[in-house]
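I have placed the structure first, in the form of structure tokens, so that the comments after it can refer back to it.
If you read the sequence from its start, that first residue is 1, and numbering goes on from there.
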Amino acid sequence: GPGWGSLTNQDQSYVYVTSNHSNWMGDVAQSTSLGQLPFSHIALPGVHDSGMFDTTEINSLLNDATFISWLASILSPLVGIAVTEFLELSHSEWLHLLVNFAFTQKDNITTMLNLGIRYFDFRPGYCAPGYLGNLYHQHNFIPGYSYSGFLQDVLNWLKANPTEIVVVSLNFQGFLSTSMQPSLSTLSTYLTNAQNATGTTSILTGDKNDLSRTYSDLCSSNTRLIFLNQVGASDDATKYDSYDADTYQTTDVSNVIGALNGMSGSNQSGYDYTVLQLQATAEATGGGIFSNIATISDATSVILSTKAMFDNQTYAWLRQNVANEFGFTQTIVFLNDFGDNALVDIAKDITKQRVS
């Protein structure tokens, strides 16, 4: 990248090599007493904005001149660039710009599951006002993967991997407008349709009340898709979360480490589960905005630019602090951009520590 703000102008590379963690829950259950303990003992490796990897819908919308004009009017005051300049961008340039701003994952759902990811932050919503239709993961006003595709991918994978349990957090965080939010009945219909389409009606769904059931009980009853939602339903789950908008709007990993240090086991009481967020909203910083726009190339994704630098410190923090600092009987989630097997490796090891 061009080195705007505090971002580097040097090349970066990161490589994570681990054992095969595609069935790590079952592996831990076989080697420890996990089967007889509440599911809440498990540390879950998770992905933030999990549906932001698919360009199908945004590619379609970028063919609509009305949408382009609306998009330019939204971005212009945010970045101080005239609407007319935005309207001169080509389809390819628009796509690069939006991917750099909003795409937080590089792999599809099945690959992430095979890597060992077990918690998915998914934000199903309609596209920006005036573009109602199917539900997609929404990053503010940028659509990603379809909600129906997400559900079918998860259900098909669970059918093929009977020792594993997947946790999903549905929420509408960051939506540009409340009109993008689907009703509870619509969300329920999507789930029913996905179960029917995949022939997985035998896979039962659970909620926060199922976190106290043993891993073996959940597997034997085939309750293997648990929803910990924040959508305004009676069974919504509460979370003790490290995220704070002001703190996480940064390209400096020390701010995120500070937020993690501010979390403690003594404050977990009263919440259903705990989330430690490891990524930052770097694209919202001044340097991040200009890095995304400076060349409109794949090299200027500020979200990807901070990945390896942050992981180098946040992953070490997890290994050093989680097992001793947080209660081992409450579900804990490690949330990150660009889900990877190294985070799974850590979650697996910490789960073993919590079990013992």
Side-chain angles (χ1 to χ4, degrees), residues 22-23 25-26 39 44 46-47 49-61 105 107-127 131-138 143-172 175 179-211 213 215-237 339:
S22 58
N23 285 276
M25 286 183 175
F39 179 78
L44 297 170
V47 279
D49 270 311
S50 62
M52 295 309 297
F53 62 86
D54 183 80
T55 62
T56 304
E57 181 62 11
I58 194 61
N59 256 320
S60 176
L61 290 175
Q105 303 300 330
D107 294 310
N108 62 34
I109 300 301
T110 301
T111 298
M112 286 191 274
L113 286 163
N114 285 332
L115 285 172
I117 299 299
R118 294 295 179 267
Y119 177 96
F120 292 84
D121 160 34
F122 199 95
R123 307 175 185 189
Y126 300 107
C127 290
Y131 290 86
L132 299 181
N134 294 322
L135 299 181
Y136 297 88
H137 186 114
Q138 299 289 343
Y145 195 43
S146 70
Y147 184 44
S148 59
F150 167 75
L151 289 172
Q152 290 185 38
D153 289 347
V154 171
L155 289 166
N156 276 323
W157 190 88
L158 285 171
K159 181 168 59 174
N161 295 271
T163 67
E164 304 306 293
I165 297 171
V166 171
V167 178
V168 174
S169 171
L170 299 181
N171 64 88
F172 309 132
F175 279 19
S179 65
M180 299 167 66
Q181 299 179 10
S183 66
L184 297 180
S185 61
T186 297
L187 292 176
S188 178
T189 298
Y190 266 75
L191 178 59
T192 299
N193 290 343
Q195 289 175 309
N196 290 333
T198 55
T200 54
T201 53
S202 62
I203 295 179
L204 305 181
T205 61
D207 57 29
K208 61 185 179 182
N209 297 307
D210 293 288
L211 297 176
R213 294 171 60 184
Y215 165 84
S216 292
D217 180 32
L218 290 171
C219 287
S220 62
S221 65
N222 213 14
T223 307
R224 296 192 296 114
L225 178 55
I226 296 175
F227 287 92
L228 301 179
N229 298 339
Q230 294 85 45
V231 294
S234 58
D235 60 353
D236 273 2

Validation row: L158, T200 side chains within 4.5 angstrom (heavy atoms): no

Run the side chain to side chain donor-acceptor pair (under 3.5 Å) test against D207 and tell me which residues pass, sequence neighbours left out. N209

Which side-chain N or O atoms in residues 159-167 pair as donor and acceptor under 3.5 Å with protein atoms at least two apart or in another chain?
{"from": "K159", "atom 1": "NZ", "to": "T198", "atom 2": "O", "distance (Å)": "2.8"}
{"from": "N161", "atom 1": "OD1", "to": "N23", "atom 2": "ND2", "distance (Å)": "3.4"}
{"from": "N161", "atom 1": "ND2", "to": "W157", "atom 2": "O", "distance (Å)": "2.8"}
{"from": "T163", "atom 1": "OG1", "to": "N23", "atom 2": "OD1", "distance (Å)": "3.4"}
{"from": "E164", "atom 1": "OE1", "to": "M25", "atom 2": "N", "distance (Å)": "3.1"}
{"from": "E164", "atom 1": "OE1", "to": "R118", "atom 2": "NE", "distance (Å)": "3.2"}
{"from": "E164", "atom 1": "OE1", "to": "R118", "atom 2": "NH2", "distance (Å)": "3.1"}
{"from": "E164", "atom 1": "OE2", "to": "G26", "atom 2": "N", "distance (Å)": "3.0"}

Could you walk me through whether S50 and Q105 satisfy the side-chain hydrogen bond (donor to acceptor under 3.5 Å, both in side chains) test, starting with their C-alpha distance in whole Å, then the side-chain angles of each, then the deciding distance to 0.1 Å, before giving a yes or no? CA-CA 6 Å; S50 62; Q105 303 300 330; over 6 Å; no

Calculate, to the nearest 0.5 Å, the distance between atoms OG1 and CG belonging to T55 and L61 respectively. 11.5 Å

Please list all pairs passing the salt bridge (Lys or Arg N to Asp or Glu O under 4.0 Å) test where one or both residues lie in residues 195-206, with sequence neighbours left out. none

Before accepting this row, confirm whether a basic side-chain N of the pair D235/K208 lies closer than 4.0 Å to the acidic partner's carboxylate O. no

Apply ring pair (Phe, Tyr, Trp, His ring centres under 6.0 Å) to Y145 and list each qualifying residue two or more places apart in sequence or on a separate chain. F53

Under the rule for side chain to side chain donor-acceptor pair (under 3.5 Å), what residues qualify as partners of E57, not counting sequence neighbours? Y136

How many angstroms lie between CG in L204 and CD1 in I226, if you round to the nearest 0.5 Å? 11.0 Å

Can any side-chain N or O of Y190 pair as donor or acceptor with the backbone N or O of L151 at less than 3.5 Å? no

Determine whether L191 and T205 satisfy the following criterion, side chain to side chain contact (heavy atoms under 4.5 Å, CB included), listing intermediate values before the conclusion. CA-CA 10 Å; L191 178 59; T205 61; 4.0 Å; yes

Indicate the ring-plane relationship of F150 and Y147, choosing parallel, tilted or perpendicular according to the 30° and 60° boundaries. parallel

Return the set of residues passing salt bridge (charged side-chain N to carboxylate O under 4.0 Å, His left out) with D210 (not counting sequence neighbours), or none when no residue passes. R213

